[in-house]
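Counting convention: from 1, in listed order, for ligands and their atoms alike.
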Amino acid sequence: MDAVVVGAGPNGLTAAIALAESGLEVVVYEAAGAVGGGARTEELVPGFRYDPCSGAHPTGAGSPVFARMPLAKHGLEWVQPELPMAHPFPDGSAAVLSRSVAETAESLGPDASAYRRLMAPFAGRWPQLVDAVMRPPLAGPPRHPVLSARMGSYGVLPATVLQRRFAAERARGLFAGMAGHGSAPLTSPLTAGFGMMFALSGHDVGWPVARGGSQAIADALAGYLRSLGGVIHTNRRIRTMAELPRARAYLFDTAPEGLLEIAGDRLPARSARSLARYRRGLSVFKLDYALDGPMPWTSPDARRAGTIHLGPTATEINASLTTASRGRMPEVPFLLTGQPTVADPGRAPEGKHVFWAYGHVPYGWDGDATEAIERQIERFAPGFRDLVLARRVTTPADLEAHNPNNVNGGISVGSTAGLNALFRPTFAPVPYATGNPSVFLCSSATPPGPGVHGLCGEYAARTALRRVFGRRR
Ligand SMILES: Cc1cc2nc3c(=O)[nH]c(=O)nc-3n(C[C@H](O)[C@H](O)[C@H](O)COP(=O)(O)OP(=O)(O)OC[C@H]3O[C@@H](n4cnc5c(N)ncnc54)[C@H](O)[C@@H]3O)c2cc1C
């Protein structure tokens with residue numbers, strides 16, 4: 001056997017594909033009954049398909065590695081909602097993230113030209129931006145030095161600093177909501193980078209859903225891998241190296257905790273110790289719904305968006321993330337929500353919908369956030385509770401039971417605060433290497449971090465190809 005991959009999430013599958021494309025024999029072992037990890041789709045109640053984890057896919061649709069694979073041939077179709085994202089206010093108005101910079105700017109009133117000025121140097125340059133930003137930070141000189149330097153000068157800032165360019169609450173709230181995807185207090189360095197990249201992905205690639213559900217992404221990756229001769233075993237939770245066949249390279253699409261459990265005794269003591277010090281971030285509490293009709297948003301813009309952020313103000317969003325990071329449950333949680341059936345009605349019976357919402361809670365929190373989350377939704381969509389046909393509550397512990405990578409309900413597989421967003425899982429020039437020359441980490445615990453984009457898997461596979469097999473891609 002040439003290579004073994006543990007875990008069939010988007011990164012494990014992408015790593016396996018990169019190895020198989022190079023003519024190597026690859027086998028993948030997956031703990032769950034289905035491939036996909038954070039890109040899966042299940043039935044909530046008969047007729048209603050929902051995504052237990054990832055739902056919206058700016059980084060998937062904008063991934064250069066997915067783009068070069070024949071995923072459409074294997075069933076993947078991106079579908080775009082009319083608006084990538086809306087950021088409603090309780091008065092029924094909304095700031096919006098549109099495909100068009102002009103429409104977005106227009107929704108920001110007095111800050112329209114400040115927004116246009118901020119985005120102008122970057123809009124329309126997504127491939128170069130991904131190349132500049134979504135790569136291992138110490139991988140060598142940037143290929144687009146001017147763009148990298150310009151984005152770097154904004155991206156390193158805390159979102160609370162960059163948003164001072166805006167005078168009014170609408171633009172500040174919109175930007176804070178996008179920066180909040182970084183799952184860290186907005187006073188942390190680099191959170192502005194999340195805000196910029198989420199805004200620019202909205203303009204350049206959209207925030208689409210996968211037709212039929214996020215499982216379609218994983219199924220397309222698995223289908224392509226099998227077409228290259230790769231083999232996937234599901235229902236195989238690996239706990240020791242002895243359970244794996246002998247191979248020249250082992251790639252782990254696991255959390256550092258999983259790598260240490262399975263191969264800790266094969267790593268140099270120093271590497272194992274630094275992996276064990278890996279910092280964890282916030283946890284997530286998620287609710288999924290089957291609804292009797294469309295979401296009753298008071299904002300007409302929210303009704304046509306795929307993703308809706310419920311803050312609404314930058315101050316409230318930052319307070320929510322800061323409170324959770326200090327170990328307390330925020331009374332008014334900042335929520336990321338989505339209504340995939342607006343773009344992809346086939347996931348529910350005619351006229352019905354699926355809807356999801358999640359908020360950040362303290363790491364490993366074991367309380368019940370259902371009431372706080374539903375109260376926040378009702379602020380922007382009064383009467384929403386009356387439409388609920390079925391509800392699935394997913395606590396941090398449930399998230400870990402669903403996927404061992406979500407240790408204690410952390411969905412970013414480690415802290416993304418400050419430099420942890422760049423140097424993952426440890427500060428190392430080649431973050432995919434583990435100190436054992438045949439063992440590599442390929443999960444979102446490595447750069448460029450969380451998201452369904454496969455880039456961690458691609459970079460890890462390139463490292464293994466170069467170091468073990470003497471090949472370059
Ligand atoms: C609730 C939630 C919402 C999210 N929303 C979005 C979103 O909207 N958009 C987006 O782009 N991203 C989103 N993400 C993040 C995204 O899902 C992940 O960043 C991405 O899936 C990471 O891919 P991965 O391959 O590194 O790991 P995973 O997708 O976690 O896959 C790891 C796989 O390895 C398997 N595994 C682990 N340990 C073992 C073992 N010992 N033996 C065998 N198999 C093992 C797991 O079962 C799993 O299938 C979300 C995540 C969650 C949990």
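Judged purely by atom type and a 3.5 angstrom limit, Asp204 uses its side chain to pair as donor or acceptor with the backbone of Trp126. When atom types are taken as modelled, the side chain of Ser227 and the backbone of Tyr224 share a donor-acceptor pair closer than 3.5 angstrom.
Proximity of the aromatic rings of His309 and His181 is defined here by a centroid distance below 6.0 angstrom, and this criterion is met.
Using modelled atom types, one finds a donor on one side chain and an acceptor on the other under 3.5 Å when comparing Thr322 with Asn318. Checking Tyr459 against Arg135 by side-chain atom types alone, no donor-acceptor pair falls below 3.5 Å.
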Pair Leu336-Thr307, side chain to side chain contact (heavy atoms under 4.5 Å, CB included): steps then yes or no: CA-CA 7 Å; Leu336 295 104; Thr307 301; 5.5 Å; no
When you pair each N or O of ligand 1 with protein N or O atoms, which pairs come out under 3.5 Å?
unit_1	atom_1	unit_2	atom_2	d
ligand 1	8 (O)	Gly55	N	3.1
ligand 1	8 (O)	Ala56	N	3.2
ligand 1	8 (O)	Ala56	O	3.3
ligand 1	9 (N)	Ala56	O	2.8
ligand 1	11 (O)	Val452	N	2.9
ligand 1	17 (O)	Gly38	O	3.4
ligand 1	19 (O)	Gly451	N	2.7
ligand 1	25 (O)	Pro10	N	3.2
ligand 1	25 (O)	Asn11	N	2.8
ligand 1	25 (O)	Asp253	OD1	3.0
ligand 1	25 (O)	Asp253	OD2	2.8
ligand 1	26 (O)	Asn11	ND2	2.8
ligand 1	26 (O)	Asp253	OD1	3.0
ligand 1	26 (O)	Ser444	N	2.9
ligand 1	29 (O)	Gly38	N	2.7
ligand 1	30 (O)	Asn403	ND2	2.7
ligand 1	34 (O)	Asp253	O	3.3
ligand 1	41 (N)	Ile238	O	2.9
ligand 1	42 (N)	Ile238	N	3.0
ligand 1	44 (N)	Ala31	N	3.0
ligand 1	47 (O)	Glu30	OE2	2.6
ligand 1	49 (O)	Glu30	OE1	2.6
ligand 1	49 (O)	Glu30	OE2	2.9
ligand 1	49 (O)	Gly37	N	3.3

